[in-house]
Structures are given as C-alpha cells and as structure tokens.
Amino acid sequence: MNLSEVRSRLSNQRGQALWRSMEELCDTPEFRKSLEREFPGGVDGWINSGDQSRRRFLQLMGASLMLAGAGTMSGCSDKPRDEKIVPYVDAPEMLVAGKPMFFATAMPMGGFGRGVLVCSQEGRPIKIEGNPDHPASLGGTDSFMQASILGLYDPDRSQAVTRGGEISTWAAFWETVRPRLESKRQTGGEGVRLLLEPTTSPTVLAQLDELQRQFPRLRRHHWDPIGRENTTAGMVAAYGKSFAAQYDLSAARVVVSLDSDFLFDESASLRYSRQFMDGRRVRRDRQEMNRLYVAEGTLTITGSTADHRLAIRPSEIAILARALAAACGVSGVNTEMPAGREKWINAAAADLAANRGACLVMVGESQPAEVHALGHAINHLLGNLGHTVHFTEPVLGQSDSLDVLVDEMRSGKIDTLLIFGTNPAYTSPADIPFAAELLRMSKMRSADGTFANLTAHLGLYDDETAYLCQWHLHQSHYLESWGDIRAFDGTASILQPLIAPLYGGKSASEVLEVLLGRPERSAYEVLRGYWVSQWKNADFERQWSTALKSGVIAGTALPLQDLGSPKVVASASEKSAGEWEVVFRPDYSVWDGCFSNNPWLQELPRPFTKLTWDNAAMISPATAEKLNVVDGDVVRLMLNKRSINAPVLVTPGVPDGVISVSLGYGRLRAGHIGTVHGDQTIGVGFDAYAIRTAGERWFAGGVQVIKTKRTHRLVMTRSHHAMGTFTNKESLKPDAIATEQTPEWARETANRKLVRVATLEQFKANTNIIKELGGESEKKPLLSLYPGPEHGGWDYSKGYQWGMSIDLTSCIGCNACVVACQAENNIPVVGKEEISRQREMHWIRIDDYFGGSLDDPKIYHQPVPCMHCENAPCEYVCPVGATTHSVEGLNQMTYNRCVGTRYCSNNCPYKVRRFNFLAYADAETTEQRKLQRNPDVTVRTNGVMEKCSYCIQRIQRTRIEAEKMLVENSGAQQAEFNLIERLQTACQQACPTRAIEFGSIIPVGGEKTRVAKLKDEPLDYGLLRELSTRPRTTYLARLTNPNPSIEPAKGGAA
Amino acid sequence: MTATAESPVTISSGQDMTQVIPVLMPGATYASVTDQIGGIVQRPLTWLWIMAFGITFVVVMVLTGAIAYLLLRGVGIWGIDIPVAWGFAITNFVWWIGIGHAGTFISAMLLLMRQNWRTSINRFAEAMTLFAVACAGMFPLMHLGRIKFFYWLAPYPNTMALWPQFRSALVWDVFAVSTYGLVSLIFWYVGLIPDLATMRDRSRNRFTWTIYGMMAMGWRGDSRHWLRYQTAYLLLAGLAAPLVVSVHSIVGMDFSEAQLPGWHSTIFPPYFVAGAIFSGFAMVLTLAIPMRSLFGFKNLITIRHIDNCCKLMLVTELLVAYGYAAEVYTGWYSGSVYESYMTMNRFIGPYAPAYWSLIFCNIVAPQILWSRRVRQNVIIVFILSLVINVGMWLERFMIIITSLQRDFLPSSWGMYYPTFWDWATFIGTLGLFFCMFFLFARLLPAISIAEVRELVHETAGGSVPPSKMEPANVI
Amino acid sequence: MSSETLYGMAAEFDTPEAILEAARVVRRYGYREARTYTPFPVGGLAEIFGFERTWIPAFFLAGGIFGAAGGFFMQWFANVVHLPWDIGGKPMNSWPAFIPITFEMGILFAALTGVTAMIVLNRLPQPFHAMFQLPAFERASRDRFFLCIKSTDPQFSREKTADLLKSLHPLAVLEVPR
C-alpha cells in the first residue's frame, strides 16, 4: 500500500480521522488476496476434552460444601482435614444456599501477591474480585486475576504424580528422594540444586533457609522469563546494593516513563493505575490533571494514555535518558542531544523541574541498568525520594541465576535437580541450553543401569519441563491450597483454599517439608507453624482470624529506607542496533505463557490489535511498507543464527524499524487450548523465546527480517469491517472523533462524534465544549411522538433507575472488565474459527480508535456495554416480546422467550447484542469448566440472543436486601443509600482505574448517587444521542493534558 | 384431439406488426379451446417433461438436505454474523414473495380493470404466486434461531398469558403472508371449479373422474350458480387487489420499521410493491414464453400478452428506478452522516459490484422495452426477464447486506460471506418452485378454460353484448 | 314411466343465443321450475326464471367487519389488558402499529366467509345430480347448453312439455330420470 498517499489524505482532511485499520485507508491487491483467504469455511476450531463425569463433580461438590459451609474440612476427596478457614468479614458466617460468600486470599504472580476476594457459591469458587484492603489491588483486578478462576477448573491440569510418563504416587517419590537426600547429609548436599520461580512466601523462604542450613552446599536458583534483573542491577549500580523501589503516583503531577509499561507489568500495576488515574479525573470542581510523558520502544497501554508519547527504538531510549538527565541537571552524563527529540526532552525536563518533589521518572525492566541508574539520579536530584519514590529492602528471596545452574549441569556437578513451578524448558533463553542439559541429566544411567541423577518437577501442568524430568509432581492451584505471600511492599497475605484440591496435588511448602526430612504435614500445619513462630506475642488465634478476614497481615510491610545520593554510571558505548530491532514483551493475554491454556484469555481481543488466539509481529506502517508486507504475511526473524517465523500485524504506534513480538505462544505442551496444533483454524502463535537470549532479553538489534511466501490467518475482532475490496475513496473513511477542530457543520453531518476529545486547556476555557462538540442536534431537546410520563407514558422517575457512566480518560484498555464480565455471566468461548466469522460473544467490548497521523497516532479506548436505551430500538422489533423494558429502566432479555429472529441485533445502533449461532455454551465445554459457572446466571442455548444485563443478578440481590431493610426499618434511608451505592457490576468492580461507575441515576433515600453526579458533569455525553435512544450508559469525554510548549492549545490533540 | 392439430396460424415476430394482434387467434371454438387446454393434461407424459421434473426433483432433495443440516446444527451453518444477522434467508424471502405478486395482480387488478387479455395467463400466474409464496414462506421459519418455537409468533391462548409483540413488523409479516397465501389459494381454487368440472367430464378413467369430480364439488354450470360464482369471484378480486399492495408494503415495513441507515425510509412500501410486481411479471414471462411453445399455446398466449406484460414491466421498472433515486437523494438531503455514508458505501464499498449490477439489470437493461420490436421478440424478452429476476434478487441483497454491514459504530462493522449451505438452500427453493410448477402443468388446466370459452363468445361477437355478461348488473 | 319417475325434461342447444331464446319462450309459456346449464356464464339466463339478486356481497361485508374488529381487539387486549409491557418506551395502546394486522384480518375473514357462502348457497358440494345421468350432459362443460324443465312444475306434463321443447329446434330433447 502507498503510505505517503495515506498520510497525505490523513493530513489534508478536516476534523478527526478515524481509521481502525490500515486496510481501511487504502486498498491493495495483497490485501484483497488476504481477504479471499479469509474464509475457507468448514472446520470448527473448538477444542473438546470433556471426559470428566458428573459423578466426580458431585464428589467434589460434597467435599467443597463441607469445606465452605461448616467452615471445617472433614472427609474431603482424598485426605481427612481439620483446618479452619474464615470468611471475608463482610460475608455471613454460614453458607446460605444461593448466597455467595467471599474469602480473602492472594494471587501469586511473578512471586508477588495481589489480594483478591473469591466469591464462592455452594462451595464452588466462581468469581474473583480485587481486595480493597490489599495495597497491590485496592479493589481492582487485571485480566489474569479474573481468568485465574478458570485455570482452577482447567481439565488439562496434571492430575497425578508421574514417573517417566507412568502414573506413580507421592509415596513412591518420597521413597526415592528421602534416601537420596539422607545420603547427601555428610557431603552437605553436594550436587543438589533447587530451581524455583521467584517467591516472596515467608513460609517457603523460611523452609528454604532451613534446607540451606541442613545442606550447606545445596544451591538455590531461580528463573522467571519476565523477572526483574535489570531493575535490580540498576539499583545495585546506583546504590551499590539491591533495594526494592515503590512509587507513589498519587503524589506525582508529572510522570516520565522510559519504556515502562507501569500500568500493566509492574507487580503494583493495579495500585499505580488507580493512583495515576485519580490524578487525571477532571470534574466541575477539580480542573487539574497530571501529565504523562512516555518514551517507549513498542506500543503499550501506558503509552496509549500518555499526553506525550515518543515511539522510538528501545536502543535509543538510553541516549534519550542521558539527554533527559543532563537536561535535568544530573552531573556527569555526556550531553549529546539526540536529533529531533529536543522538544520532547526539554519540555519534559522543564516540567519535571517545575514540579520538584511531585514528579517521577519510571524506567521499565526492559531498559539496561544504566538507564535505571539515571532514573534514580533524576528522581534523587528532583527531591522525589520520600515523596513519589520509596525504597525498601528487597522483597523477593535472593538466589542464583539460571545460567550458573546450566553451566554446572553441563559440567556434570549436579546429580539432583528439583524444579518448583517454573517452566524453563520452554522459557529459558535460547543461548542457555537448559532443556538439552536437563534431558541429558534425566536420561544418564550409572554403571548398574539405574538412573544416575534425580530430576523432578513440581507444577500445575505436565508441561515442557515436566516432560524432560524423570518425575512430575502435580501442584495444587493457589485457590485450593494454603500458603502465604508478600505484596510489592512486603505486606504479607495468607492464601486460603476455596475448595479441596480438584485433582489432589501438593503445594511447594508441603513438598519442601518432606525434603526437610520432617514427617509429611499439610500446608495448613506448615503455614500455621511458621506464623506461630512469628507471632510469639499475644493470642495467636485472634491475629490469625483477623489476617484471614482482612486478607492482609497488618504491619508486615517492609520499613522504608532512606538512601543517599545514587551513583551515576558512566554510559556504556552503544553498539549499533542495525536496520531492524526486535522487541520482546510479556503478552497482554498469556503473560509469559503460564496462561496459555486459558480459553478466556486466548479469546480476549488484545489491546490495539484486537487479535485473538495468536501472537504476531507488530510493525509500524512505514516498516510494513519497507518490508512490503501486509497483515498475515509470515516473515522470518533471524537473530544471531537463530530464527522464527512470525506473521506480521501492521499496528500504528509501533516505532519504525521495530518488530515487536510478545512471549508465551507456540507452546508444545500447554494443554488442549494452548498447544500449537499447526492448524491455522486453532493455532496459538509462535515461540518468541527461540530467538531471545540471556544478554538481550527485551530487545535486540541486528535482527534480519526476511519475507516468506507463507501467510498465517490472523483473526481480529476489530478489523472485520476493513475486509473487502475498498477503492481509494476518502469518503469511505468514517470520522468518529470530535474535537475543537471539527468544524461546526461537520459535527452534524460528517462526524459520528463517538469519541469526544478535548485538552485540559480547551476544557478550562469552555467547560461546555463537550456538549458543543455534539453539534446542532445536541442543543435541541430530543423530540418524540410518544407521550411522556405526564400523558400516561412510561415514568422513569420512581424507585431505582439504573445507569452507568464510563470515563474515557481513565480507561486504559486493560481488558479486565471483559474477562470479569465473561466470568460473571457465563459467557461462552467460541474459538478462532467462529471469531473469524465475526461471532465473538463478549458482552462488553473495548473499541480502540486510532486518531491523528499514521506515524504518531493518538489512541482512544472506549468500553461498550449495552446502553440500556430508554427508547430501545431492539425492543419494538422483537416479534415475541423476548426483550422488554423494566420499570427500573433496564433493557432485559428473556432467553426462554427468544426465538432468534436476530432483528434486535440488526436494529441495535451499538451492536452490543450477541447471538448463539451454534451451541456454544454446552456442546464444547468440559464438565470441570462448567463448575465455574455462576448459578445466578442462565446458560444460553443455541439460537438465543444475549447481551449485557447490567449484572441483573447482582442488582436483584441488592434490591432484595434493600427492601428487607426498609421493611424492618422504614427510616433507614441512609442505610439504603449506602447499600445501593455498594452495588457494583462485574466490569465496574474489576476496573483497576474506576473508569466505570454504576448505580441509580435518580436520588436514593433523598441523596444523589455517584453515577448521578457524574452524569451532571460537563464532560458527560451520550453515544449516538441524536438517535433519541436515550441511552442509560453515557460517557465522560476523553481529556488530554498536553504541554503547551509541545502542543499549542489551539494546535489540537490527535 | 391434440392442441397442435387445431391450433391456428401463429404470428412470428418477423411479421408486420402494424396490425393489432388479437388476444385470441381467430378460428377458436368452444370445443377447440376446451380440447386444446384440457388435452394437455390428458396427453401422455413426454420424455422432456419427465427429464425436467426429474432434475428439479433432485434439486428439491438438495433443499431437504440443507434443511436437515440446518435443524441439526442451527443457523450458524450460514454466513450470517454480527452485524449482518440477516443474510440469504431474508433476501430470498423478499425475492420470492415479490415474485408471488404478479399472479394475484394479474388476476385481480386486471379483472377489475376489465382487461380481457388476462384470461389466458391468470391461471398459471396464480399458480406461480402460490408456489412462490410457498417458497417464500419457508424462509422466515428456517431463519429462526429456535425453529421449534416458530408458533410463538402466532396469537394463541396459553396459560402463560403470553402474546406476540404486535408492534413488530415481523408479526405483521406473519399475518400478511399467511393471509396472502390463503386468499390466493381460495381465489385460485374458485377460478378452477368450472374447469375441474370440465376435466371431470373429459376424464376417461374412473380414477381421474373421481378425483376431479370431488374437486369440482358437483359443479354443473347452473346459471344461478354462475351468478353467485361470478359475484363472489369479482368480490374476491376486489379484496385481493388491496391485499397484494398491503402484503409487500408490510414486507417493506419489515425493514423501514428499523432505524438502520438504508432501512429507515418512508419510500419503502410503495417502492417494494413496485419492485414486487416488476419481478413478478419478469417471472411470468420466464414461465409463459417456454410454456406457450412447449404446450402450443401460441394461439392463446399471443404476442399481445407478452407485449402487455412488457409494458407493465416498463412502468413498474420506472417506479423502482424512482425508488433508487429517492434513496440516494435522501442519503444526501438528510444531512445525516450515517445515511450519506451508507449511500457512498453502496456506491464504492465492498459490495459495490452487487449495487452496480443491480442498477444495470433493473434500470439500464429494461430500457430496451421502449421499442415495440423488442417487446414482441420473445427471445429477447425471455432473456431480459431472466436478467430482471437476477437484478431484483440483487436489490434485496443490497438492501439487506450493505445496510447492516456498516451502520453506526465502525467498531462493529463487518462483512457477510455466504456459505455452501446458504447457496444450497436458495437453489433448493428454485428447484421446489419449478418442480411444483411442472406438476401443476400436468395435473390442472394451465389456462382457465371457462374464461377462454367466454372470450371466444365475446370475440365471436354473439347476440349477447359483452356488457350484458358482466355480473355486476345483477348484484 | 310416470311423471313421478322423472326429474324433468331437458333440451340441448349449441349456442348461448339459442338457449336464451328457448328460455324466454319456456318462461312465456308459464314455466317457472326450469334450470339452465351452460359451459360459461351466459348473461340474463338466470333472471328469466326469477333469480334476481344474491346475498353474497352481504356475507363478504359481514366477514370483513368481523375480521377487522376482531383483529384490532385482539391486539388491544393483548397489549393493554392481558400482557402490558414497556416496549421501547412506546405507549401500551400503540394503535398505529396495530393497523396492518387489523387490515389483514379483515381481508382474510371477508374472503373466507364470502366464498363459503357462495359454496353453501349453491348447495355444493353435491356429488350426484339428476342431470349427470344424461350421457350428453358431459358436454355441458364443453360446448353444449341445456335447458331442463323440472317435473315439479305445476304445468309439467310429459307430452306438452316435450312438444314445447321440440318446437324450439334443440339438438335433442331428453327425459331426465329422477
């Protein structure tokens, strides 16, 4: 495609260009070809492995009922227990059938814990919410936390101890490992190695230390493909010792991110997101917002929220950082100003300097130690320490790295290797031959023909690593085992099991207990044992139950450290990055690959690309033009003699010359969902680890890119509309973003005004600007032929009137709401083939609009659930009255009555309705996954229409409580108000930035609700208002806060 | 005696056209027309008929297969999706129901307008109507997500106190189409009664004698019966005429009730009716032209008939053209971004080829009908009728698909790609239609014998002036 | 054969003009109980023997009114009384939306009642009729016109009637057995 042409069109067109995909902008024969390939038809891409009987389910149910109900677990599936767990403080002490109970626990990821509340119905954990009391969650969740509930019920989780692939028993393993360790006592554990995923669990760390004491020469190694090596190294470089840095964005008025995706990949991302967005909510009474500068080597959700985003090659960021440091006055850095970046650097530096003590520079893990050190230097110089930056002792347990281990394996010094959790055979760097060495170790036999070495793997899945070990020990899921874990700031939480282990399985602490030569004890005993030793003081039980109830252990946060001035590291000389640079990033859906087998996450449309069931090499339009490739063309990436084949996906916003790939795909032993079948109708991506080396874990220059003949079918939920043979007609590119530049006439006749954007200055100058962007029709009242309430029409002014307000400024497009909705409302997964037929089922979707120029696009996220229109177009076209309106203003769907004419969907201007074209819900769902389903929500059958219900099941529960309360005490208006205000929809509750608010839009108990206040805000506007659908879901316009010195107020955003 | 034996000279398009061609070739007598038309039914099966029937029957089997798989898997076997939740099924429905309009229009409207030339084509035109409605009627049922609950669209007393939602045009549709089907059937049968009597009296074996006898209900041409009969028939026609208009108006409202750009348009009802009659006449010609030569009806269905049909097509075609123009005009004049975009999208969007080819088929090609030489050249007219059938199908496809495909939110735009099963179902109904028509041609007089006898009487100019024969004067 | 064994006396003609003429003559001779059978409607024949008007139109009208009224009532009852729902914020009695069905129901019932009336008033279906016994009557549905004076006519007498009919120069005069 001819890019200059596209650019020129974009530049010389009025108002806001909206182009959701490149193809839309221009048409190419290649693209047309790619379209013809689009629908070969036929094959169903669904995975079906329903082999579990309902009988097993009933056993588990019995067990788990006893567990949750009486609060004591006795006579469970496999072993007798006598262990207390305590419900979350808000929940009733005893199980009432049909009434959900919430238990506080924490989800471990990357070694850190994030507090969650698990909703349990009839003893089945069915939904995960954030724990408001937990510092790393603040009540928010991300898509991983939401989806982990499905991981619990994954039928592919390993279900037995295996030895060489044969089913064995724990006892058999004990008999193998115990004598082996005993024989090692005199040598002090010579040749024994543990390889663990990083952990902060106090109990496990204590056990490890004990083990270390027993076997002085035993070594611990850790491996995490994401890890924090650079961050730590940077800390060491700056302060000579490893510390953990934590940031307080609520105190920051200016934030500069150097390749840091702090809204996504930090262990405290949820906290940061909330704090950051709290600083950006502009309301009638609070007209100020923080400013974010982002310089990044790929396209991240953090970058999409930036006021000033600089997309540059990751290798240039070090240069940029130096220049920035110099500009901020950090001494001892060479001050060569990179060409073309002056404006950005000077503006950022000026802004930082102007906000001493209230600004922040964050450096991403992907950048080398030097850049981190520079970041610390700037923060220190600007006096941010103690305000926006805090330091503590490291929270993660320290241990040796993987490469050391592999060297020893090669030299044959090791004869016993025990692997806990991590999966290095798949994730280890390409230049560290871990898998080969592990295989050699496992196979080696001694003179008498017995195995010379012992290799064992404890994990949730019989994965790549398990396959290469002699033993595989099945691990218990975090929702079915006791344990403890620390958050980013050291705050410890107790992990409570929500259900007896579905497939048996043991936790790391249970295994370590045996390795310590002690009698086999349950994780519960081990855990309590540890904390008894910690709380020598007053009565243990009270403290214990408090810890369980609140989900955090008070006062366990690590003390903050005061650090002196950091060293500035002399800059290493840059080696040229070559023509192409490849960037590796954890995937927004499967992280490092540990979520590969989770269908919810696989089908989750990735931010920006809306890609599902695959990963792709994201490249900028200019790069695509240079390589002469279009979406789906497979390119070979060659990096020092290793190569992978990757389908490209043209994504505006990726820096030119950068090929951005995400990790965690192309797995060989992930399970039925995540394993690559080589079938394009299923296939889940390519393995980027294959070219990722230990030295260049995040980006690497000098990669060769060769276009191949092959193509791969990438399936996206967004650019369906771009398929088709387009002629180069500008008129076919819809305008949908309205700003001040949109001429008055166009606001009515040429612009869809789906996303209304203004800068803070424009808003301050004219608080009415957002309404004015609506054009003429916005000024007039909506007319209707139908009688209003005064003439016997429908009256929406009594009782509760439900409505929603979505803040486009706060939305970061993280997808948490989408998964939360899927979990709450039993939304089926349809598979790649069905997605390719435009039949995705998500009730809430996030529309990502690209605005501005191809090379420096502005990105707008817009979550779209059902609008619950008061004049719902879907209702009057239904021939059987299956969709009707409630007195509370809900547009409600009666599944039982639906005959499936699909007219409602045709007539829905927002296209939020979803149809069961085939038997999605039951046909392909395994029995175990059905256990996750929410008993309060109907499972929809083949041929039935469905859509967002505003979580009617939650509404009903709350209003019943409210009614009961008012019956008991008619004067309880205040209590009623509080109750209604506590009501949350699944998407709202999941949102880490509180972008979604839900409630009654009319006063409750005489008091004005949150959502009502928001709808009065000047930023409030309704989507497609001119259709007079009177949507109950409205939006708060997107505000940006550009620096006038870069973007003059009139120059305009996007 | 066979038809060809007696059938008089026929006019070939070569001949001089200045003379007015009669509706009925000279030399016809009561007996001759009776034997000619009746004889068709009684003459032995020809290999040609058997082959034609066999082929169409196989296609009907394809339809049965497609429906079986549909019931097995659900509508997901089609190419429909979100946003394009209606695809071939509704397109075919509107197309077929449109074709079904010419029959009743010819019988009813032309009867009311005293167009005596209708007599020799109304019978099979009505049959065509019935079969087309039968094909059309299947689709609204098949396209339901849960076919087993189709009866929920009908009002029937039930303990749950549930009713259809009468504001929905889809329910209007149920009433309109079923009423239309039923009334057309009655109209057709009433017209058949005297001919059934003729067939009874002509039948040479007990079996046909019994069957036709039962269907004729003992009709014997009693003058009093004739009086009541004609009154009822005329009144039926009086009802059927507005019915024809109402039915396709309501089909038009199926779309115009929505607020979708491209559907939400007040021009739809008249525009749909015109289109329906347009396509209907096209199909009449598609059937009549081969039939008149196969069954030797050239003396009964003369060039005059074809000429008249062409004129009517030309008129309705101009109405349809106005409809297209009005749509484009609205797209511009509305000043609505959605309307104008929808129009542009039809012009140059992904389905532009469909749009332009329908413009060619429905607007450009029919212009040749201005020339009488063309109107009276059966070959050209036959080809043109096929072209128009295709064009009208494309029109419905364009209205449904391109409107749904890109509506308000670009985020939810999409495409529609028909699958194998879409095609199988569509072609299957074509098979069903022709299969039923072949059976009809063999089992019932394809032309109303009684009315032709009446025509013979009039053209022969008996002592009874035609005016006195009008039943009106005895009501 | 006595006149009791006869249904009537029939004459066969081959043109509508002939039978019209014959009918007028027969009427002039005072016969009332006569029937004519023609292959197509011949205007004026029925009137000759005093069949002036038919009630068919009334049936059509009644059926139509009943259908339309019933159709509207059904919709009003369903949406206002029996199942009142808020549908897209439209009023319960959205009468404009009820018009199409009202109209269709009117047409349907008019057609059904009218045609049923026509069949019933014609005493159809009637598998057997005396005339069917005449072999020649087969052509009544092709090209022959029959006039039959019934034996129930007071003036009927085998001889006189036969003579009268013969005097009309028919193709044939036939006795129709009962």
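Per chain, numbering begins at 1; letters A, B, ... match sequence-line order. Atom set for the values below is all heavy atoms of this structure, side chains included, hydrogens, waters and symmetry mates excluded.
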Let me know if C:I48 has heavy atoms under 4.5 Å from chain B in its side chain, its backbone, both or neither.
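Contact with chain B involves no heavy atom of C:I48 at all.
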Report which part of C:F145 has an atom under 4.5 Å of a heavy atom belonging to chain B: side chain, backbone, both, or neither.
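Only the side chain of C:F145 comes within 4.5 Å of chain B.
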Given that the side chain runs from C-beta out, which part of B:T34 has a heavy atom under 4.5 Å from chain C: side chain, backbone, both or neither?
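The side chain, not the backbone.
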In terms of heavy-atom proximity below 4.5 Å to chain C, should B:I250 be classed as side chain, backbone, both, or neither?
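The answer is the side chain of B:I250.
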Shorter than 4.5 Å, heavy atoms on both sides: which option in [options] has the most such pairs with chain B?
| options | result |
| --- | --- |
| C:A78, C:P127, C:A111, C:A140 | C:A78 |
| C:S94, C:A110, C:P96, C:C148 | C:S94 |
| C:F103, C:F98, C:W85, C:F77 | C:F103 |
| C:N79, C:L83, C:L45, C:I101 | C:I101 |
| C:M105, C:R123, C:M118 | C:M118 |

Does a side-chain N-to-carboxylate-O contact under 4.0 Å join B:D35 and B:R202?
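A salt bridge is present here (some side-chain N lies under 4.0 Å from a carboxylate O).
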Just so I understand: if I count every heavy-atom pair under 4.5 Å between each of B:A197, B:P164, B:P155, B:A232 and chain C, which residue has the most?
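Among B:A197, B:P164, B:P155, B:A232, the one with the most close pairs to chain C is B:A232.
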Output the option from B:I449, B:L239, B:L162, B:V190 having the highest count of non-hydrogen pairs under 4.5 Å with chain C.
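Top count of heavy-atom pairs under 4.5 Å with chain C: B:L239.
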Do [X] and [Y] make the cut of ring centroids closer than 6.0 angstrom?
| X | Y | value |
| --- | --- | --- |
| B:W226 | B:Y229 | yes |
| C:F146 | C:F13 | no |
| C:F59 | C:F109 | no |

Looking at [X], I'd like to know if its [atom1] atom is crowded, meaning that more than 12 non-hydrogen atoms belonging to other residues, nucleotides or ligands lie closer than 6.0 Å.
| X | atom1 | value |
| --- | --- | --- |
| B:F207 | CZ | no |
| C:Y29 | OH | no |
| C:F132 | CZ | yes |

With under 30° as parallel and over 60° as perpendicular, where do the rings of C:Y37 and C:F137 fit, or are they tilted in between?
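Perpendicular, since the angle between the ring planes exceeds 60°.
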